[in-house]
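Throughout, a chain's letter reflects where its sequence line sits, starting with A, and its residues are numbered from 1.
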There are 2 protein chains.
Amino acid sequence: MTMPVPLPAVTSVTRQLSRRSVFEALLHRSPISRADLAKVTGLSKQTMSEVIDAFGQQGLVRQVGRTSGNVGRTAVLYELSPEGGHVLGIDLGARRLTVALADIAGRVLAEADEPTDSRGGAWALDQIARLSDRLARDNHTHPSRIRSIVLATPGVVNPKSGAIEMAPNITGLGHLNVVGLLSEKLGNPVIIENDINLALLGEIWHGCAQNVANVAFLALGSGVGLGLYANGQLVRGENGAAGEIGYLPLGGDPLQAESRLQGCLEYQVGATGVLRRYREAGGSEVDSVIQVFERAQVGDPIASQVLDETARLTGLAAAAVIAMVDPQLIVLGGSVGARPDFADQVARVLLQLSPRPVEIRTSTLGRRAGVVGALSVALSRLHDAFFGVSELAAALPLPPPAHRTARQ
Amino acid sequence: MTMPVPLPAVTSVTRQLSRRSVFEALLHRSPISRADLAKVTGLSKQTMSEVIDAFGQQGLVRQVGRTSGNVGRTAVLYELSPEGGHVLGIDLGARRLTVALADIAGRVLAEADEPTDSRGGAWALDQIARLSDRLARDNHTHPSRIRSIVLATPGVVNPKSGAIEMAPNITGLGHLNVVGLLSEKLGNPVIIENDINLALLGEIWHGCAQNVANVAFLALGSGVGLGLYANGQLVRGENGAAGEIGYLPLGGDPLQAESRLQGCLEYQVGATGVLRRYREAGGSEVDSVIQVFERAQVGDPIASQVLDETARLTGLAAAAVIAMVDPQLIVLGGSVGARPDFADQVARVLLQLSPRPVEIRTSTLGRRAGVVGALSVALSRLHDAFFGVSELAAALPLPPPAHRTARQ
DNA sequence: TATTTATTCGGTCTATTGACGAATTAAACT
DNA sequence: AGTTTAATTCGTCAATAGACCGAATAAATA
């Protein structure tokens, strides 16, 4: 039942392209008959039968009944089989660890979460392995059949090495070779990506930013960060540090020591910044931004003013994003940013700032955004492993300025 | 001699891919023999002979002698023939019009420029047609054999419609259907792109930003603007307005009327802004930023202070760029930005601002950057028209969240 | 003579086309 | 009403064309 699916022993580029388009059609139109697949893909019925036979032998597709009621012979309907492969998405937050399992067709099979092991570091990695294993076994999937794993983590993830570079607020994570350790523990290669970037991809896949080619995800919670999606691609930056808008020179003197250290904007609108401003303005004793919101709601003028300023600065950051990358949509997320009342305030600020205001939405996936985004990347990578044509897809590079003229 | 080259009557995907890789090898390694081409591309000698024969019949390649001095039979050497096609790059500046001609191999054949017709609008378009025609004929190329034309223009170019949307400082250009009119006048489809974006691509192709995947081009001249290149792609934004950093909320009150109208940063560091600040600080009579630089050089403290402030604000803008998109390199361009003394000042400001300072260079192509970038885009488009595989290259889209379950 | 280049020939893989049998519904006829 | 016939659709078989490679062979040269 759980025979490992062999990687397709593909011979020619042509057949790989055929397989790819059949797979894509199955992904978006199943259940579907071979005849309809042939029409949709433009391939011949003959080729279609060959490809579907091969898919069946690899466990990629399965029959799901027949057509009926139409004139003519009935057709066998096919869909992608869960046997084809599974993917795992993991969101390692400072407070909460979430894991989700999906099959090759993108059907989310299960999701589980726990408080993150507060000892951090290696303990958290062990916890990930335990939770992932449990999730796989509960869904009758042997862990070894999970073919693609993506981990969402706070901090700056170097896109080349996969190292976590800026110390995240999970103890001792920066000093571990997370990719290596987790890959070993889980028995499969693991990809790491910044949690905000993955939350953005989550909203694009299953959330409030579907079918949009240019989006920004502005996360405001304990810290502030940005995810950028331009031309249908994630913008990571040279060192994976794109979107570190805590360092935007807004809301204070950027040359000040605190600004240089933790970032000028972060110093004002990060959770500790908000609490500090509330305290300095004479507010009563609180220890979370949520409590400041509660105070404001019961009429505390200091709390209101502190939050107004927070919204104003967030609006300035959004205006900077609009000026720089011209998104079609800005999604507000994070424990503070996703609050509708706060988002409304930011939108009002933006209306006064920007020559062409951009649509603002709040995250619809909330805390699940990261894990959903991790699933989407894991799924994309699985698809590419089976049906990728990346070596063909590269754009034709232009010739360098100096031409070799040597004869040989 | 000037038989129009027919578009390749390609049959199969496989052959198109072979043609593509042979073309790419010719682009980067000519002159080269068929045997070497076979080694480089991994294709068989047999296939190579077929492809080269086809290229020869289409006028895409030509022989350029034989090898000699080696043991064994001599080999015929081939290179791309200029007969294969020509491209035109045009930079329509407010002051100066530049046109350049290149062949399919990217060899720049000629370049010409004139002061832009000050009457603007339709007159400028006529001037473009005249200059382009002259350039083509002077190089023994019939204008109809130019297969790809790209125009660099100030203003926001809508990436979908090609319309020029923000009124540029060329009279009456915003109200014309520039794509339609120019395409008709030149007898070939014309692509329009923002001049700063093209200057950036120029520096990437032939200038100071070669082989860099993440670059920003910060242009400071009469206005201020930014070109963004991330993941090896130009970032245009949803409306082509990415990089309109004149609207960054830096250097003043962003709610002020002037800031909202022409942009907060632009109001300070644009040419009129610099001159206004110099005037308001009690500076003597000047009518160009260059003159302010000259005053500063001869010891005018007001001029120095105004320029310091300009560099400081430019540095803040650069810091914002770094925080948001994490480039590997920032290129400073424009009549003000490209000045080495100014760039040094900006770099010094940045050193105090940014946690990880980014390399700063000044434009090496200067005024030619725009036209070179236009050539590079025109060339890319020509190559794609012949050898593009964009329909194959698209990433496999993920399935939508809701699955159809209807039987048919 | 040894080596390298280029061509020819045969074999394999893949996709398409057209013909055909199988399965089903709709229509027509006794 | 029950049966036969026609129409339609699905899927397979066989033939053919395009494209690739490898081996053998001819040609040219240090």
Visitor: In whole angstroms, how far is the C1' atom of D/dA19 from the CZ atom of B/Arg19?
Guide: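 Interatomic distance, CZ of B/Arg19 to C1' of D/dA19: 14 Å.
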Visitor: Decide yes or no, distance alone: a donor-acceptor N/O pair under 3.5 angstrom between the base of D/dC20 and the side-chain of B/Gln46.
Guide: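 When only heavy-atom distances are counted, B/Gln46 does not reach the base of D/dC20 through any donor-acceptor pair under 3.5 Å.
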Visitor: Got a second to check how far B/Ile149's CD1 is from B/Ser183's OG, nearest 0.5 Å?
Guide: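 If I round to the nearest 0.5 Å, the distance is 7.5 Å.
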Visitor: Closest heavy-atom contact between A/Val40 and A/Ala25?
Guide: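 Taking every non-hydrogen atom into account, CG1-CB, 4.1 Å.
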Visitor: Taking only N and O in the side chain of B/Ser18, is any of them less than 4.0 Å away from OP1 or OP2 of D/dA19?
Guide: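 Indeed not, no polar side-chain atom of B/Ser18 lies that close.
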Visitor: Measure from the side chain of B/Ser49, starting at C-beta and using heavy atoms only, and say which of C/dA6, D/dC20, C/dT7 lies closest.
Guide: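 Looking only at side-chain atoms, B/Ser49 lies closest to C/dT7.
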Visitor: Please determine, for the side chain of B/Ser44, which listed nucleotide (D/dC20, C/dT5, D/dC21) has the closest atom?
Guide: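 Selected nucleotide: D/dC21.
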Visitor: Which whole-number value in Å describes the distance from A/Asn70 CG to D/dA7 C1'?
Guide: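 From A/Asn70 CG to D/dA7 C1': 14 Å.
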Visitor: Between B/Lys45 and A/Thr14, which has a closest nucleotide on DNA chain C that is more 5'?
Guide: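 So the residue in question is B/Lys45.
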Visitor: Tell me: CG of A/Leu37 to P of D/dT12, nearest whole Å?
Guide: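 About 13 Å, once rounded to whole Å.
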Visitor: Could you please name the option among D/dT12, C/dA26, C/dT5 that lies closest to any side-chain atom of A/Arg34?
Guide: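 Closest nucleotide among those given: D/dT12.
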Visitor: To the nearest 0.5 Å, what is the distance between CD1 on A/Ile104 and NE2 on A/His383?
Guide: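 The distance works out to 5.0 Å.
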Visitor: Map A/Thr74 and A/Thr47 onto DNA chain C by nearest heavy atom, then report which one ends up closer to the 5' terminus.
Guide: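 In this pair, the answer is A/Thr47.
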Visitor: Do the charged groups of A/Glu238 and A/Lys160 touch, with an N to O distance under 4.0 Å?
Guide: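 Yes, this pair counts.
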Visitor: Taking atom P of C/dT14 as reference, at what distance in whole Å does atom CG of A/Leu43 sit?
Guide: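 My rounded result for the distance is 13 Å.
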Visitor: Would A/Val212 and A/Ile204 count as a side-chain contact (heavy atoms from CB on, under 4.5 Å) here? Give the steps.
Guide: CA-CA 7 Å; A/Val212 178; A/Ile204 289 171; over 6 Å; no
Visitor: When you get a sec, tell me which of C/dA6, C/dA26, D/dG11 is the closest nucleotide to the side chain of A/Ala75?
Guide: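 Of the options given, the side chain of A/Ala75 lies nearest D/dG11.
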Visitor: How long is the line joining CD of A/Glu50 and C1' of C/dT17, in whole Å?
Guide: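 Value for this atom pair: 14 Å.
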Visitor: Tell me whether the OP1 or OP2 atom of C/dA15 has a side-chain N or O from A/Arg15 closer than 4.0 Å.
Guide: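 It does, given that an N or O in the side chain of A/Arg15 lies less than 4.0 Å from OP1 or OP2 of C/dA15.
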Visitor: Over how many whole Å does the gap from A/Asp36 atom CG to D/dG11 atom P extend?
Guide: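 In whole Å, D/dG11 P lies 9 Å from A/Asp36 CG.
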Visitor: Atom CD of A/Gln16 and atom P of C/dC13: how far apart are they, to the nearest Å?
Guide: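 It is 17 Å, rounded to the nearest whole Å.
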Visitor: Classify the side chain of B/Arg73 versus the base of C/dT5 as yes if they form a donor-acceptor pair under 3.5 Å and no if they do not.
Guide: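 Side chain to base: pair present.
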Visitor: Rounded to whole angstrom units, what separation is found between the NZ atom of B/Lys39 and the P atom of C/dA6?
Guide: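 Atom-to-atom, B/Lys39 to C/dA6, this comes out as 10 Å.
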